[in-house]
Every structure is written in structure tokens, then in C-alpha cells.
Amino acid sequence: MDTHHQINYIEMPSRDLEQSKAFFQDAFGWSLTDYGPDYCDFQQEGIAGGFYRVDSAMNQSQGSALVVLYSNDLLASEAAVLAAGGEISKATFDFPGGRRFHFREPAGNEFAIWTKT
């Protein structure tokens with residue numbers, strides 16, 4: 001739904017579109033659509049967005065925004081990330097109201113997954 005002045009699409013870099021697509025399909029069951037060789041998009045994953053081919057990656061410590069996914073089962077999500085070829089970049093930690101971990105997908109982008117406590 002398009003709502004006035006609310007974020008409704010996010011574009012993220014990918015050093016390797018095929019790796020990014022495979023990771024999100026395998027880890028989370030996302031469906032991605034190609035729009036040429038350098039762009040793909042997703043529509044039904046909480047917010048619409050896409051990945052574009054570029055020689056850089058999102059990393060919070062270097063000033064990038066952190067995209068955070070929600071999980072009903074944090075341990076299962078961590079296992080899915082690892083099984084799909086991701087790596088944990090910050091181990092699970094507590095914060096007020098929840099727990100989360102950070103990970104990098106195979107093309108180098110950093111994300112986080114959280115759950116309520």
C-alpha cells in the first residue's frame with residue numbers, strides 16, 4: 001500500500017546479484033524478479049525493494065543504514081542464514097524489548113534479524 005510520506009521501497013547494493021538472489025531465496029523464501037542483468041526486485045517481503053549491481057556493500061560500521069528483519073524464531077533464522085551461505089557478523093545480543101544478531105549475506109551486505117523477548 002502506498003502511504004503518503006512513508007517509506008515504501010528500498011534499493012540495496014550487491015557485488016554479486018546471483019549470490020544475493022540465491023541467499024534470500026534459500027534463507028527466507030523470497031521471490032525476486034530480474035529487470036535486466038543489473039537489477040532485481042522483491043515485492044512481498046514486508047517492504048518492496050530491490051538489489052542493484054555495484055562494487056560496494058552495506059555495512060553499518062561504515063555508515064550504511066541497517067535493514068532489520070523480524071523473526072518469530074531467532075534460532076531458526078540464524079540457522080537459515082548460515083545454511084544459505086551467510087555469516088554472522090555480530091552474535092545474538094539482548095536490547096530493551098528484544099534480541100537480535102547481525103549477518104552478512106554472500107555479496108557482503110550486512111543485515112540484522114530481531115525478535116521480541
Side-chain angles (χ1 to χ4, degrees):
M1 170 184 258
D2 297 329
T3 304
H4 186 62
H5 289 172
Q6 289 190 352
I7 297 169
N8 78 336
Y9 199 88
I10 185 168
E11 293 186 332
M12 297 173 283
S14 177
R15 290 184 248 189
D16 187 320
L17 277 179
E18 294 307 314
Q19 280 187 332
S20 293
K21 288 178 0 185
F23 174 81
F24 284 94
Q25 289 167 338
D26 293 348
F28 309 121
W30 288 16
S31 179
L32 295 110
T33 302
D34 290 328
Y35 289 95
D38 296 321
Y39 194 86
C40 65
D41 115 321
F42 52 87
Q43 290 293 317
Q44 303 297 320
E45 313 312 338
I47 187 170
F51 290 98
Y52 59 94
R53 188 181 314 276
V54 67
D55 192 27
S56 63
M58 298 183 312
N59 188 316
Q60 186 184 32
S61 67
Q62 296 175 352
S64 293
L66 180 66
V67 176
V68 182
L69 290 72
Y70 181 77
S71 173
N72 289 327
D73 184 339
L74 202 61
L75 290 176
S77 295
E78 183 174 351
V81 164
L82 294 172
E87 64 179 47
I88 305 304
S89 57
K90 186 182 272 189
T92 301
F93 62 94
D94 295 328
F95 63 91
R99 304 181 75 223
R100 80 180 195 200
F101 68 91
H102 294 206
F103 68 93
R104 286 194 180 82
E105 52 102 353
N109 289 315
E110 182 183 26
F111 293 82
I113 300 180
W114 82 283
T115 194
K116 295 176 186 175
T117 48

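By convention here, the first residue in the shown sequence is residue 1.
- Annotation: side chain of S64 is not in contact with side chain of E110 (no heavy-atom distance under 4.5 Å).
- Residue R99 is tested with D94, T117, T115 for a side chain to side chain donor-acceptor pair (under 3.5 Å); the sole match is D94.
- Between the side chains of S71 and D73, no donor-acceptor pair of N or O atoms lies under 3.5 Å.
- When side chains are defined from C-beta on, F42 does not count as touching S31, because their heavy atoms never get closer than 4.5 Å.
- Residues D34 and C40 come closest through the heavy atom pair OD1-CB, 3.7 Å.
- Put simply, the side chain of Y9 gets close to the backbone of G49: a donor and an acceptor are under 3.5 Å apart.
- In the hydrophobic cluster analysis, where Ile, Leu, Val, Met, Phe, Trp and Tyr join through side-chain heavy atoms closer than 4.5 angstrom, V81 is grouped together with W30.
- Separating the CD1 atom in I47 from the CG atom in N8 is a distance of 6.5 Å, to the nearest 0.5 Å.
- A continuous path of hydrophobic side-chain contacts links V67 to I7 [ILVMFWY only; heavy atoms under 4.5 Å].
- Side-chain contact between R100 and I113 is absent, with no heavy atoms from C-beta onward closer than 4.5 Å.
- Closest heavy-atom contact between L17 and D38: CD1-C, 3.3 Å.
- Minimum heavy-atom separation, N109 to M58: OD1-N, 2.7 Å.
- Inter-residue side-chain proximity for L82 and I88 is flagged as met; some heavy-atom pair is nearer than 4.5 Å.
- Using a 3.5 Å distance cut-off with no hydrogens or angles, the side chains of D41 and Q43 do pair a donor with an acceptor.
- The hydrophobic cluster containing L75 does not contain L69, counting ILVMFWY residues as joined when their side-chain heavy atoms lie under 4.5 angstrom apart, directly or transitively.
- Once rounded to the nearest 0.5 Å, the distance linking CZ of F24 with CG of D26 reads 11.0 Å.
- Salt-bridge formation is not detected for the pair D55/R15: no Lys NZ or Arg NE/NH1/NH2 atom is positioned less than 4.0 Å from an Asp or Glu carboxylate oxygen.
- E105 places a side-chain heavy atom less than 4.5 Å from the side chain of F111.
- Heavy atoms only, all atoms of each residue included: H102 and Q60 are closest at CE1-OE1, 3.3 Å.
- Judged by a 6.0 Å distance limit and a 45° cone about the ring axis, K21 is not positioned over the six-membered ring of F23.
- With contacts defined as side-chain heavy-atom distances shorter than 4.5 Å, the pair F101/W114 does not qualify.
- At a threshold of 4.5 Å between side-chain heavy atoms, the hydrophobic network of Ile, Leu, Val, Met, Phe, Trp and Tyr places L66 and F28 in two separate groups.
- Contact check for Y39 versus E11: side-chain heavy atoms found under the 4.5 Å cut-off.
- Of all heavy-atom pairs spanning A84 and P106, the tightest one is O-CG, 4.2 Å.
- Looking only at side-chain heavy atoms (C-beta outward), F51 and L32 come within less than 4.5 Å of each other.
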